[in-house]
Amino acid sequence: MDTIQTQVIIVGGAVAGGSLACALAYQGIHSVLLEKRKTPTDLNRGDGMQPRSLEIMEEWGLLSAFEKAGAIPAYGIEMYHPFLGKLLEIDLGVVKTAHPHLLNLPHRDIEVLLLEHARKSGYCQILYGNASDLIMEEGRAIGVSATIAGSEIEIYAPVIAGADGAQSALRRKIGIEVAFQEYEHDLLVLHAQRPDWFTGKLRTRVFLHQDGAAILLPLPDEKVRLALLVPAGQGGQWKMMTEEALLHQLIKRNPRLGDLKGIEKQGEHIYRMRKMHAPTYAAKGVVLLGDAAHVTHAAGGLGMNMALQDAHTLAAELASAFQHRVSFDQAYSNYERLRYPVNQGVIDRAEFMSKQLWTPSQRAFWGRALSLAIPHYLLPFLWKKITTSLAWRNAGILTPTPAKRSPFPALIVALYRLSQGRIGGHSHQNPVLLLSTQQENNKMHTVPLLFFPKGDQLLIVASNGGSDLPPQWYRNLQRNQQVILHIGSTSQKALATVADQDLHAELWPWLIERYAGLEAYQKKTPRQLAIILLQQEVPTEKKEPEFVAIGAK
Ligand SMILES: Cc1cc2nc3c(=O)[nH]c(=O)nc-3n(C[C@H](O)[C@H](O)[C@H](O)COP(=O)(O)OP(=O)(O)OC[C@H]3O[C@@H](n4cnc5c(N)ncnc54)[C@H](O)[C@@H]3O)c2cc1C
């Protein structure tokens, strides 16, 4: 039996697997990719690459090939109500990026381009065949057995990536159990010629209707992809309709859809709409990405983009592991920490979007339409804010959400001081200290924080309630590590240092045992919540510096 040794085995060669091969090649990491299909899929499943994905493809040197293949730009989303007119216009032009638009290309071309790019890099060997089993040693996967052109081979690598889709066999083999939640509707997807009125600055157009929305996505060669929401389980009868009967149904949803010509039956497909998010992305030495890790409602149009962005993050973390800066398990956990909240956000937003598109009762249909129409027509400033934020979200480019300023820390600081820690000295079964750090204007900034004594050091965590932005005191530490701690009636100088990756990995479970809320904060943000070690100096008798509490004028 032939054996191959490589750095990363990728099972699955669609968007997730192809992207990972490109991302690894970019990092100089070798891979063997196994794909059981000899030809790319001809299903219409995802044609739009969002701005964040375009930034990544540019980094990999793949963007120009994408453009040369005929990808066309699309600048956002427009949503129309049959009686209220245009309810929503999301313009990606407001997003600050080199590519403030989507690039749309048929799904199969995207898969081909990714695999071609990976193959040409010289870092990826593509094998067409079925990955049949994992090779285990002491409970950890160390390789994959596969059947290639009728022969059995064994491939060994320190990293095995499962990019084998929503029904992932690898996920099952490593014991990660998932639950799919089905929506009440299916999606009929087919292609047609772009109607004459679909011109100008191209955007995805959504036509709302109580029976289910129709979505037109512009494609190259003057084509459109039509996605139609239909009641769950009725897919078969829609597939069997003649073009005439189908057009009749489309006109019922919106008369303008009657202008669709050349509806193609080839590639027509009915998709069961569902969502799933695996509880964890890695186990037993196997790491998951793409649909193997999460499935989202197609209304968000982002499943493929999530797969590509997973690959980008995972490859960067694996590069650290191959350079011996972190262990492979640490790299998997860093990848999960960074991607999990982002992917959950996409799943939640796609669900929100699906509720606009599927409104089976008249009440829901009008209620949801009015919730868009009222700010659109009556509150233009608020509307601009909402659509700008939606544009950033749709672009996939993270904008840090600033933490809300609360007046309570100032009050707690005052009470803590007055009572010498008898009030406010404990919270969530852990002691509280006051931390004073030096601001840019040299004034001191004081906040109450939970602390965790460990040996002769005190640990604090820059959680900021799980905001994407680190707290002000943490930013102050970047300038000056000298701080003052107030515990009860004592004040002490201390030196603050941030735990490095290895120490963070060691301390984090210990901290979670003491305060589980930290884990909930971490799940809210892709930012790693830094752990800070405070090394105290001898107690000082000096006069206290001037304190400025958060929220104080
Ligand atoms: C109707 C519809 C519309 C969509 N629209 C969009 C959109 O506009 N934008 C967007 O970003 N996303 C969209 N998506 C989602 C997107 O298609 C998927 O999220 C994405 O393609 C998933 O890619 P993947 O590589 O993870 O999985 P898959 O595409 O399922 O690929 C898995 C691959 O693994 C291979 N494989 C499986 N088992 C083995 C094995 N044992 N050995 C070897 N190979 C194996 C399979 O052959 C397959 O090629 C849409 C999805 C649907 C259903």
Side-chain angles (χ1 to χ4, degrees), residues 9-21 32-50 52-53 74 77 102-108 110-112 114-115 126-134 144-148 155 160-173 183 185-190 204 215-219 225-230 235 267-276 278 288-311 343 346-347 350 353-354 394 396:
I9 302 168
I10 306 170
V11 178
V15 175
S19 299
L20 184 60
V32 170
L33 181 148
L34 285 162
E35 169 53 55
K36 67 180 176 192
R37 283 183 287 118
K38 285 230 166 52
T39 50
T41 180
D42 62 350
L43 297 180
N44 307 321
R45 50 188 312 239
D47 311 316
M49 282 295 180
Q50 62 177 171
R52 176 64 193 133
S53 301
I77 302 174
L102 302 170
L103 274 186
N104 292 350
L105 194 66
H107 192 88
R108 60 172 293 140
I110 296 175
E111 288 188 2
V112 171
L114 287 166
L115 288 186
I126 299 174
L127 299 176
Y128 288 98
N130 188 38
S132 32
D133 215 345
L134 287 171
V144 168
S145 54
T147 318
I148 309 291
I155 311 165
I160 298 167
D164 51 345
Q167 298 306 330
S168 172
L170 253 60
R171 188 183 63 221
R172 238 177 304 120
K173 286 186 174 134
Y183 289 94
H185 49 272
D186 293 346
L187 200 67
L188 170 73
V189 180
L190 32 79
T204 298
I215 304 159
L216 290 187
L217 183 120
L219 284 179
R225 188 181 80 189
L226 167 68
L228 196 66
L229 279 84
V230 299
E268 178 192 53
H269 208 79
I270 289 281
Y271 290 95
R272 199 63 214 91
M273 285 295 103
R274 54 203 184 141
K275 67 170 181 177
M276 175 281 280
L288 305 174
L289 70 158
D291 277 15
H294 40 67
V295 173
T296 177
H297 191 288
L302 291 177
M304 182 173 65
N305 288 275
M306 289 158 94
L308 184 137
Q309 290 162 30
D310 281 355
N343 290 334
V346 173
I347 294 170
M353 185 75 171
S354 78
N394 269 276

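Every number for a ligand or one of its atoms is a count from 1 in the order of the listing. Counting from 1, the numbers follow the sequence of the chain as shown.
In this structure the side chain of D310 never reaches within 4.5 angstrom of the side chain of L20, judged on heavy atoms. Side chains of L134 and V144 form a contact here, defined as non-hydrogen atoms less than 4.5 Å apart. The shortest side-chain heavy-atom distance between M306 and I347 falls under the 4.5 Å cut-off. Looking at L102 and Q50, their side chains come closer than 4.5 Å, going by heavy atoms from C-beta outward. A 4.5 Å side-chain heavy-atom check between L226 and V189 finds every atom pair outside the cut-off. Within the 4.5 Å cutoff, no side-chain heavy atoms of R225 are placed close to those of N104. Contact annotation: the side chain of D47 approaches that of H107 to within less than 4.5 Å [non-hydrogen atoms, C-beta and beyond].
Closest to atom 29 (O) of ligand 1 among all protein heavy atoms lies R45 NH1, 2.7 Å. In terms of protein heavy atoms, atom 9 (N) of ligand 1 is closest to G301 O, 2.6 Å. For atom 16 (C) of ligand 1, the closest heavy atom belonging to the protein is M304 N, 3.6 Å. Among all non-hydrogen protein atoms, the one lying nearest atom 45 (C) of ligand 1 is K36 CG, 3.8 Å. The protein heavy-atom contact nearest to atom 7 (C) of ligand 1 is G46 CA, 3.1 Å.
Within ligand 1, counting atoms from 1 as listed, the ones closer than 4.0 Å to a heavy atom of N130 are 40 (C), 41 (N), 42 (N). Near A298, meaning under 4.0 Å from one of its heavy atoms, ligand 1 places the atoms 2 (C), 3 (C), 4 (C). Shown in contact with A16 at under 4.0 Å from a heavy atom are these atoms of ligand 1, numbered in order with element: 24 (P), 25 (O), 26 (O). Atoms of ligand 1 lying under 4.0 Å from at least one heavy atom of G165, given by number and element, are 27 (O), 30 (O), 32 (C). Near G290, meaning under 4.0 Å from any of its heavy atoms, are these atoms of ligand 1: 26 (O). Taking a cut-off of under 4.0 Å to the non-hydrogen atoms of E35, the atoms of ligand 1 that pass are 33 (C), 34 (O), 35 (C), 43 (C), 44 (N), 46 (C), 47 (O), 48 (C), 49 (O).
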Review point. Would V15 and E111 satisfy side chain to side chain contact (heavy atoms under 4.5 Å, CB included), going step by step from the backbone distance to the final call?
Key: CA-CA 6 Å; V15 175; E111 288 188 2; 4.1 Å; yes
Practice item. Would you please test D133 and K173 for salt bridge (Lys or Arg N to Asp or Glu O under 4.0 Å) and show each step? Key: CA-CA 8 Å; D133 215 345; K173 286 186 174 134; 3.8 Å; yes
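For atom 32 (C) of ligand 1, the choice among A163, G162, G12 with the nearest heavy atom turns out to be A163.
Residue Y271 has no N or O atom closer than 3.5 Å to an N or O atom of ligand 1. Not a single N or O atom of L289, backbone or side chain, sits closer than 3.5 Å to an N or O atom of ligand 1. Taking any N or O of V11, backbone or side chain, none lies under 3.5 Å from an N or O belonging to ligand 1. Inclusion of L187 in the set of residues having an N or O under 3.5 Å from an N or O of ligand 1 is not warranted. Looking at ligand 1, you won't find any N or O of E111 less than 3.5 Å from one of its N or O atoms. Considering backbone and side-chain N/O atoms, V15 comes within less than 3.5 Å of an N/O atom of ligand 1.
At least one donor-acceptor pair under 3.5 Å links the side chain of N305 to the backbone N or O of G48.
With a 4.0 Å heavy-atom cut-off, ligand 1 is reached by the side chain of V189 but not by its N, CA, C or O. Contact annotation: for L217 versus ligand 1, there are no heavy atoms closer than 4.0 Å.
Remark: distances from the non-hydrogen atoms of H107 to ligand 1 include one below 4.0 Å. Residue contact check for ligand 1: R225 places a non-hydrogen atom closer than 4.0 Å to it. Using a 4.0 Å cutoff on heavy atoms, G129 counts as a contact of ligand 1.
Considering every non-hydrogen atom in both T147 and S132, the closest pair reads OG1-OG, 4.0 Å. The minimum heavy-atom distance linking L170 with G162 is given by the pair CD2-CA, 3.6 Å. Taking all atoms of both residues into account, the shortest heavy-atom contact from S168 to R171 is OG-N, 2.9 Å.
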